[in-house]
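Worksheet for the structure shown next.
Every number for a ligand or one of its atoms is a count from 1 in the order of the listing. The structure displayed is predicted, hence computed values, not measured ones.
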Amino acid sequence: MESRYNAAEIEQKWQHQWQESAIDKTPERNEQPKFYALSMFPYPSGNLHMGHVRNYVITDVIARLKRMQGYRVLHPMGWDAFGLPAENAAIDRGIPPAKWTLQNIAQMREQLKQLGLSIDWDREVATCCPDYYRWTQWLFLQFLDGGLAYQKEAAVNWDPIDQTVLANEQVDNEGRSWRSGAIVERKLLKQWFFKITDYAEKLLQDLDQLEGWPERVKTMQANWIGKSVGAYLEFPIVGRDDKIAVFTTRPDTVYGVTYLVLAPEHPLTPEVTTTEQKEAVEAFIEEIKQQSEIERTAEDKPKRGILTGGSAINPFNEQEVPILIADYVLYEYGTGAVMGVPAHDVRDFKFATEKSLPIKTVVVPKDTDVEAISQSPLPEAYTEPGIIVNSGQFDGMPSIEGKTKIIEYAEQQGYGKARVQYRLRDWLISRQRYWGCPIPVIHCEVCGTVPVPDSDLPVELPESVELSGRGGSPLAQLDSWINVNCPCCGQPAKRETDTMDTFIDSSWYFLRYSDANNSNTAFAQDKVNDWLPVDQYVGGIEHAILHLLYSRFFTKVLRDRGLLNFDEPFKRLLTQGMVQGLTYKNPQTNKYIPSANIDPNNPQDPETGDKLEPFFEKMSKSKYNGVAPEDVIAQYGVDTARMFALFKAPPEKDLEWDEADVEGQFRFLNRVWSLVTSYDSGSVTEISAELTQTEKDLRRAIHTAIKEISEDLTGDYQFNTAVSELMKLSNALKDAKCNTSPVYQEGIETLVLLLAPFAPHIAEELWSHLGNIESVHKQQWREVDSSALEVDEITLVVQIMGKTRGTIQVPAGSDKVALEKYATESEIAQRYIEGKEIRKVIVVPNKLVNFVVAK
Ligand code: ANZ
Ligand code: ZN
């Protein structure tokens, strides 16, 4: 048989067969080691894009490889299905969010199935379905029971367009909502929080366990947690009984304090403000309220502040210092108050200079003449360590040592202590939105906040809700849903109307997959402890902080509640790069131009005639640089698309979509196709006692491929070099002049087996063509025969002017050029031909090299 490679035909055929034979079903627990391969589940927008394709293909190759290597593999898929877009679609088009979401899921599931992914669809989860969110609610109640969920009034980010609260991370650097783009305002509201701060230290420490994570992701997490070591110090307020507590990382500079600053929202602000300053202070506070946290702390903005008229005493030196309020001091961090040390902090230096506040040096570089520097003003803040001066009993001490000594002293005196502070805040989890998981509590005037009893879960989302996009929570408008009897006292009470942040849904889905269809519990312990932690997690770098941090937090809380027995959910993490498309933008008009309208040989703007420089950028609709997966599949087949996505770049790097390289992979698969289909297994001869050199060389090529590909696919997953090795093997087979040898047969079979994880359909077809009954995907991965890798040596005679001067060992099968090189570089030749002109080199393959030199 020598037929054409018809990708569409064989892909359909095998996808159908695989479904029939349930080949991708997760095996029951057995003596095989387990491997859990997981892709970050998608939001069901309705359309699969190239970024998805790349993500899922990477995970699929790993899953298929691990199966061949003898693991029982869990490779599931699901949908992160709650969230704003469904609600917005409902508002814009009048489709109920549930309907819209389920339609999208159905559509995307079909698209995913086209990719030939070896997913166990029996374990599919969708976070918006009651059989899933029943357990999200149950988990929420676990947190509530553990004292890890609570309500408090909080200044929140308010999106005036979407009419909802946003988490800090949903606000960009310019203070805009990540979804609507509106400038975010501050508003005080009662909100639900998860106490992630209780786990700050653990979340930081355990990053060390994550050897299989990219360093940069671990650094991002550590920075987000933001641990600071310092002190808590108290300054008595003049004329009052109370004190102002500050958090500082530089207790060694406490003698340099020349003022204190409170956050405008600090409860002591009105208390310390004098009558003379009252009006000005209140006006200032009004102004600050309009600013987002990002604006308040932006480096490049001038710091704004105002005197309160009050003052406090520095307990270390009894000095009286003024109290100010300023925008850059945040109420939520530390104690909401800071001590101003302008001589040693850049921000304080700027602020003090602008406000003409005194600057007092208390740390100097070693060997500084203190008298001399106190004569002239300090040109800038000195922020380095040094020697303590102007600080009473601590003078002369290195500042690093001074930190501990000053804290010890403050502790003895009773006005301070050591303190560790984290930047991480508690997780604001409530949303005033409809399409999310309802928070399962009931508010009773008598009993307070009462959890919904387990038997009443799930609290289902009501269907008949008016979604206008305006006002607060849509659920709050539905009286029939809100009014219930208190589960405790039976009196009329009200349901909570907030829904949960969708990050909660995605903080435990990987646990649910281990036991996805359990209707009695979120997951059985034996299942979750068997499959988890995830052995390889694959997803985008955009989730490097929050999703991963929240999932780690959930895992630790559930472990502490005895629901599972591991510390960390994801053993290894691969953050795949983006898929970039060829982009045209007119620099004059700043408009993106669809590439379909452009002649690649002479790119110019069809409207203006301006010349264009193409470049690569992340594929997106607005840039007209996207390539639709379905188009590529229709043209080349999914195996080519997979091969291209794997070959073009290492998985963690960005991938530039290039039609010519897609073609290249298509041609490669065609070469493999004809190589294997033209092979005649009927003509194979008996294995001979001694392999010929050709056979030996081919065997070496085969086992080199096995070795290299196996190595490329452990740990770092260098699919691109693995595909190159496949190409080398295919070339070696094409060139090998031993088609009837059993070694050639071994080569053909190996090529198909090694190709199987990458291009599963063509490999299956070719495997079956070779006469095999059982699927290629059920075969064992080939082991390296290291004896095949050994290079035979021959003895080469080295002659000078026809006279034998010695012999050297060289690799067998070396060609003439190589032999001449070995001989020329040998010590023997060097000794005899040194300084002489070589007239001629005569090479007799496998025997000798003779140098003819000038006398
Ligand atoms: C005095 C001082 C002197 C400070 C000096 C620094 C250098 P990190 O490392 O980020 O934790 N600070 C404390 N609470 C604050 C708040 N709520 N808003 C704004 N700034 C606050 O930074 C800790 C330092 O940030 C603290 O140490 C404090 O200024 C300031 F030479 O105290 B420092
Ligand atoms: Zn009650």
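- For atom 27 (O) of ligand 1, the closest non-hydrogen atom of the protein is T249 N, 3.0 Å.
- Close approach of ligand 1 to T248 (heavy-atom distance below 4.0 Å) involves ligand atoms 1 (C), 2 (C), 4 (C), 26 (C), 27 (O), 32 (O), 33 (B).
- The side chain of R423, and not its backbone, has at least one atom closer than 4.0 Å to an atom of ligand 1 (non-hydrogen atoms only; side chain from C-beta on).
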Indicate every side-chain donor-acceptor pair of residues 275-284 with a distance under 3.5 Å to a residue at least two apart or in another chain.
{"unit_1": "Q277", "atom_1": "NE2", "unit_2": "L307", "atom_2": "O", "d": "2.6"}
{"unit_1": "K278", "atom_1": "NZ", "unit_2": "E282", "atom_2": "OE2", "d": "3.4"}

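- At the shortest separation from atom 17 (N) of ligand 1 among protein heavy atoms lies L330 O, 2.7 Å.
- Considering backbone and side-chain N/O of D345, none are found under 3.5 Å from N/O of ligand 1.
- Of the protein's heavy atoms, F247 O, 3.7 Å lies nearest to atom 28 (C) of ligand 1.
- For the pair SG of C444 and SG of C486, the angle whose vertex sits at the Zn ion (ligand 2) is 110° to 10 degrees.
- A side-chain donor-acceptor contact under 3.5 Å links Q191 and S430.
- Of the candidates Y150, F553, W192, F143 forms a ring-ring contact (aromatic ring centres under 6.0 Å, His included) with just one, namely F553.
- Under a 4.0 Å N-O distance rule, the pair D206/K202 qualifies as a salt bridge.
- Among all non-hydrogen protein atoms, the one lying nearest atom 5 (C) of ligand 1 is R250 CG, 3.4 Å.
- Using a 4.0 Å cut-off to heavy atoms of Y328, the atoms of ligand 1 that qualify are 18 (N), 19 (C).
- Proximity of T253 to ligand 1, defined as any heavy-atom pair under 4.0 Å, is confined to the side chain (atoms from C-beta onward).
- Close placement of the Y328 and F351 rings is indicated, their centers lying within 6.0 Å of each other.
- A cation-pi geometry, defined here as NZ or CZ lying under 6.0 Å from the six-membered ring centre and within 45° of its normal, holds between K417 and Y232.
- For atom 9 (O) of ligand 1, the nearest protein heavy atom (residue, atom name, distance) is S228 OG, 3.2 Å.
- Ligand 1 lies within reach of M339, whose nearest heavy atom is under 4.0 Å from it.
- A salt bridge does not link D426 to K195: none of the charged side-chain nitrogens sits closer than 4.0 Å to a carboxylate oxygen.
- Between the side chains of Q412 and E408, no donor N or O sits under 3.5 Å from an acceptor N or O.
- No hydrogens or angles considered: a donor-acceptor pair under 3.5 Å links the side chains of Y199 and D560.
- Contacts between V338 and ligand 1 below 4.0 angstrom, taking non-hydrogen atoms only, involve the side chain exclusively.
- Against a heavy-atom cut-off of under 4.0 Å, H344 is close to the following atoms of ligand 1: 5 (C), 31 (F).
- Residue-level proximity to ligand 1 for R347 is carried by the side chain, the only part with a heavy atom below 4.0 angstrom.
- Taking backbone and side-chain atoms together, C488 has no N/O/S atom less than 2.8 Å away from the Zn ion (ligand 2).
- Between Y415 and F316, the ring planes lie perpendicular to each other; the angle is over 60°, past the 30° to 60° tilted range.
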